[in-house]
K.L.:
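A single structure is presented below for examination.
All residue numbers in this chain count up from 1 along the given sequence. Counting starts at 1 for both ligands and their atoms, in listed order.
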Amino acid sequence: MNDNNWMPRFTGCLIAVFCIAETAFGQATLVSGGEVRAVVVTAAKPSQVAVYAVEEFVRHVEKATGQRLPVAIETDVPKAFASRIFVGATQAARQHGIDPNRLDIEEFTLRTIGKDFYIVGKELHPDQKFSTSRPHGEPRNPLSSECVHSGTLFGVYDVLERYLGVHWLWPGDLGTYVPRIASITIPKTDETIKPRLLYRDLGGWDLRHIHLAGVMYGKTRKPISGGFTRIPLATRRNLIFPTEEAGHAYGKAMEVFLRRHRRATPIEKPMRVPRNAHQVAGIADWWAAHGAEHPEWFALVNGKRGDVGRTGAYTNLCVSNDELRDFIVNEAWDGGDLLVLGDGDGHNCECAKCMAWDGPQPKLSDVPKMVREKYKRHANGERYARYWNDVFQKAVKKNPKVRVTGYVYGPTLPAPITDIKLDKNIFGEFVIYGGWDGWFPMSREEEQWTREQWLGWSKTGMSLFFRPNYLLGLYVTPNISVRQTGEFFKLAHKNGMVGASFEAYSFSWAVHGPMAYMHHRLLWNPELEINDLRQEYFSAFGPAASQIEEYFDYWEKYASTRPAISEVSSALEKLRRPRGHALAFPPRVYRPAQAILEKALQAARQDPLPEFAQRVKFLQAGLQHALLTTHVYEFLDYDGPEAELGTAPLNDLAKLTQARDAMQELIKFRHDPLNRFVSSYIDNAIVEQYFIRNIEALFKKDSPD
Ligand SMILES: [Zn+2]
C-alpha cells in the first residue's frame, strides 16, 4: 500500500483550491503558507452563540495551521488583512443582503463576497427578549442541547469539516482530529444549509448522566449519587469518577463533543417534530379516569375488558369504538397542535370489530422467527393506521395545524398490507424490536423484514420518526455493526424519516470506534456514505489507517458471523446482559485483534506527530478495558445457565478474593486519567449496578474478614 493512502480524502480538493491564484476573486484566504491572512469579525455586541462559534473556529484553525487568527468587532476592524471572516449576525452581513432573521432556527448561510467570507445563522441577540416554557434549558447557551438559535455555530462546524477536514471521533482532545495544513482557502461559496433531520438525539447523555458527572451546559454543579440516578456513591466513586474533577472533565468534553455533532432536542413552538409518549390525548391512566363508566372503551383481552394488569401509561383501548374516538377528539384532547395517541403496545383489543379493522394478516411463515410470537394473536398495524387516520380527520377539522403521533412497534409494527393513506401530519415513532435482546447481528431475513416494515409505513405517506433501542446492547466489548446499522439509517432517511431519537447507552469510544463516529455524523447528514465515514475515521490514525480498517473489519466480521440473536438458545449470549458480552467475547477472540493493533502501532510511529500512535494506544486501552470488565463476570455466582443477574460469591472465599482482585484491576484502570475517554463509564456502571446484585461487596480490597 502506498504510504500516502491514509491522507484524508479532502486533501485533493484543498490542493486544487491552492492552485488557484490567491488573489482570485470570490475566495477567502485564512492562512497562506503558514501566515495569517484573515481577521475574524463579530457584531459589536455578539450573541453567546457567536462568541462560542468564534472560539471554536479560531481554536481549530490554530490546531490545523499553528496560526491564531485575530478577532475584532465590526466597528473596529484592522485593515491589515486580505480577508475578513464574518461570524454570526452582523451589520455587514445585513448590508450584503444576508438577513439572519429570514433563516429558520439551526439554518445557516455560507457566502464569499469578494475576499470576505460570511457564516451567518439566526441568533438570539443579547438584548432580545425570548420567552420559553423551559428557561432551565438555557436557550442562549451554546452548549445547551436546547439552544436552537445555533445556526452560526453549526455553520462554523460545517466549515471546519469541509475545508479543514476536522473529524470529532470521540470526546476529548485526542478524539479531535485536525489535519495539519499550511494554507486554508475558502472557495467561492453561496449556500444555505438546513438540518436534514429536525430532531437529532442519540441518547446516552441525559439528566442521569448530567447529574452523575456534575456538569450541565458547560457549568459545574454538585454531582448527585443515589436517588433517581440509581447509582450509589460507592459505585460512582469506584466505577465511574474517582473525583468530582474527573466527572467535570468528562462531562464538559461530552457536551462539547455532542454540540460539535449538532445534537439537538428542539423546544421551539410550534414544535417541528412532535414527540410521542405513553399516553392518549394527555391522559396516562385511562382505566382510572374512565374505566368504571365506560368499560367498553377498553381492550377486550381473554374475554375481559379494561384493567388486565397493565395500567397507567400502558392502558390499551378498544380503538374501533366510535364513541371512544369521538371522546378523544371532543373531550380529552385540549384542541392544541399536538394529539398524542401513544397506546398500541402489549395486549391489544380482541373484539370482533377491532380484529376486522386489522385487515389482511401477514403470513406467519413470512415473518422472521424472532418476531413471529408477536403476530400469532394478530398483527395490528392496519387497525392502528385506521385509528390514527380517523382521529386525525376528526381533529384536523377543529385545528388545521394538529399533528397526531403514534407508536409503530410491537403488535403495530407490521405495516398495513392494504394501501391505506395517511396524512404527513400523522407521525409514527418506529421502534426496531429487540431493545432487550440486542439487534445486531441481524440475520438477512430479519433485516429484510424490518426494512419492509419501514418502507410499508413510509408508503402510507405518514411522517416517520426513528426511535430504535439497539444501542442498549452496547457495553464494553467490540460488538460493532457499522454497515448494517448505517445502511438502515440511510434507508430510513430516504424514506420519510423526519427525526431520530435513540433509547441508548453511550458508546465505549475505544471499542465502538467507527460505529460511534458514523452514528454521530449521520445524525447531522444522513446523506453521507457509510464507507466514506469509515475512511474518515481511519484517516485519523495517519500511516496506520489501513491496519485500523483491518482491525475494525475483524470485529465487524466477528459480530456478523456470530449466531443471530434469534438463534441464541439461552439468555446468556443476548447482549443486553453483561454476562452475554462476557460469553460472546471470550479472551481468545481478542488475540488476532491485538496482533493487528501491534502492527498498527508500528506503522503509526513512523509519523513524527505523536497523535497517531496515541490513538492506536487508545484502541489498545479499549480492548484492555473490555477484558478487565468481562473478567469480573467469571467469578460471580449465577442461579443457573439462564440467569442474567450475578452475585458476588460471598460463600466461596477463594472465588470472592478473585472477584475482588479482578474488580480492583478494573477500578485502577478506570481511575487513570489517561483512560478517561476509553468508555462511557457512566453507562457501563448503570449496567453493572443493575446486573451484579451486591456489587458493593466487590469494592472491598482485601479478602473477606
Ligand atoms: Zn376492540
K.L.:
Quiz question: by atom type and distance under 3.5 Å, do the side chains of Thr647 and Arg693 form a donor-acceptor pair?
P.N.:
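Distance-only check passes for Thr647 and Arg693.
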K.L.:
Taking atom types as modelled and ignoring hydrogens, do the side chains of Tyr407 and Asp343 form a donor-acceptor contact shorter than 3.5 angstrom?
P.N.:
no
K.L.:
Any donor-acceptor pair under 3.5 Å linking the side-chain atoms of Lys398 with those of Asn330?
P.N.:
yes
K.L.:
Under 2.8 Å from the Zn ion (ligand 1), how many protein N/O/S atoms do you get? Just the number, please.
P.N.:
4
K.L.:
Is the Phe327 to His294 ring centre distance short of 6.0 Å?
P.N.:
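When the ring centroids of Phe327 and His294 are compared, they turn out to be at least 6.0 Å apart.
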K.L.:
For a ring pair (Phe, Tyr, Trp, His ring centres under 6.0 Å) with Trp454, tell me which candidate from Phe465, Phe489, Tyr409, Phe466 qualifies.
P.N.:
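By the ring pair (Phe, Tyr, Trp, His ring centres under 6.0 Å) criterion, Trp454 pairs with just one of Phe465, Phe489, Tyr409, Phe466: Phe466.
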K.L.:
Under 3.5 Å, is there a donor-acceptor pair between the Glu644 and Tyr690 side chains?
P.N.:
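Short answer, no.
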